[in-house]
Amino acid sequence: IEKIEQDIEDGKNISAVEGVKNNSYTIYNEKIYYRRDSIMTLVDKKETVLDRIRGMIQVRNALRTVIELQCQDIKNEEIEPYREKLNIEYDQFLKKYGSINSSSNKNAFYDDSEYSLISALENINEETKETSKRDIFYKRTIEPQKEIESVDTAEEALIVSLTQRAVVDLEYMSKLS
C-alpha cells in the first residue's frame with residue numbers, strides 16, 4: 001500500500017478516470033495509462049511502443065463511436081462522418097505501423113480489453129497474409145433493435161413475449177395480435 005501511495009504522489013498511478021474501461025489503455029494529460037480496477041498506471045515502455053498504443057487507442061475510440069451510433073435509430077448519413085474518421089485513423093495507423101494484427105502491434109496492445117475488437121477490423125488472407133478492411137469501414141453493420149408491434153399468430157406473440165419480456169405476458173401478447 002505504501003508503494004502505491006508513493007507512486008500516486010510521483011504521478012505513476014492515478015485514481016481511475018470515469019469513462020475508462022477496466023483493463024484498457026487511455027490517454028490522460030497526454031500520457032498513456034492502463035486502467036486496472038480503480039487505479040490507472042502510467043505505461044512505462046519504449047517510445048515506439050507507446051506510439052503504437054497511442055495509434056491503436058485512436059482507432060479503438062473511433063470504432064467505438066461508430067458502433068455506438070449504429071446501435072441508435074439514426075440515418076446512415078449521420079454516421080458517415082464518424083465512419084470517415086475511423087477510416088482516417090486506421091489508414092494513418094496502417095501506413096505508420098502496419099496491420100493491427102502484426103505481432104509488434106499485437107504485443108503492444110494485447111492487454112487492452114478491446115484488442116480483439118479492433119483486430120477484427122481486418123480481413124486476413126491466409127494464403128498471402130495481406131489484410132483488407134472489414135465492412136464497418138464502408139457500411140452500417142449493426143441495425144438498432146426495433147420493437148415488434150404486431151404479429152400474425154398467437155404462436156408468434158408467444159415467441160415475441162418470451163424474447164422481449166422473458167415471460168409469458170398475456171396482456172402484451174394480446175396487444176401484438
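Only this structure's heavy atoms are used, side chains among them; waters, hydrogens and symmetry mates stay out.
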Inset, instruction - Return yes if some donor-acceptor pair links the side-chain N/O of E114 with the main-chain N/O of S24 below 3.5 Å, else return no. - result: no
Inset, instruction - Please answer whether the main-chain N or O of A108 pairs with a side-chain N or O of R52 as donor and acceptor at a distance below 3.5 Å. - result: no
Inset, instruction - Give every residue pair that meets the ring-ring contact (aromatic ring centres under 6.0 Å, His included) criterion with at least one member in residues 154-177, sequence neighbours excluded. - result: none
Inset, instruction - Of all the heavy-atom pairs spanning V151 and I148, show the shortest one and how long it is. - result: CG1-CG2, 4.0 Å
Legend entry - Main-chain N/O of S38 paired with R36 side-chain donor or acceptor, under 3.5 Å: no
Legend entry - Transitive ILVMFWY side-chain link Y115 to Y33, under 4.5 Å: no
Legend entry - Closest approach of F137 to R83 (non-hydrogen atoms, all atoms of both residues): O-CD, 3.1 Å
Inset, instruction - Spell out, as yes or no, whether a donor-acceptor pair under 3.5 Å connects the side chain of Y90 to the backbone of K133. - result: no
Legend entry - Residues forming a side chain to side chain donor-acceptor pair (under 3.5 Å) with R134, sequence neighbours excluded: N123
Legend entry - N/O donor-acceptor pair under 3.5 Å between K129 side chain and E126 backbone: yes
Legend entry - V59-I124 co-clustered via ILVMFWY side chain contacts under 4.5 Å: no
Inset, instruction - Spell out, as yes or no, whether a donor-acceptor pair under 3.5 Å connects the side chain of S119 to the backbone of N101. - result: no
Inset, instruction - First locate atom NZ of K139, then atom CD1 of I79, and finally report the distance between them rounded to the nearest 0.5 Å. - result: 13.5 Å
Legend entry - side-chain contact (heavy atoms from CB on, under 4.5 Å), paired with T41, selected from D44, V43, I39: I39
Legend entry - Whether D169 side chain and S161 backbone form a donor-acceptor pair below 3.5 Å: no
Legend entry - Heavy-atom closest contact (Y25 atom, D112 atom, distance): N-OD2, 2.8 Å
Legend entry - Shared hydrophobic cluster for Y97 and I88 (ILVMFWY, side-chain gaps under 4.5 Å): no
Legend entry - Donor-acceptor contact present, side-chain R140 to main-chain Q70, <3.5 Å: yes
Legend entry - CA sep, side-chain torsions, deciding dist, call: E84, N87, side chain to side chain contact (heavy atoms under 4.5 Å, CB included): CA-CA 5 Å; E84 287 176 18; N87 271 284; 5.5 Å; no
Legend entry - M56-L42 co-clustered via ILVMFWY side chain contacts under 4.5 Å: no
Legend entry - same_hphob_cluster(I27, V17) at 4.5 Å side-chain heavy-atom cutoff: no
Legend entry - N105 side chain vs S99 backbone, donor-acceptor pair below 3.5 Å: yes
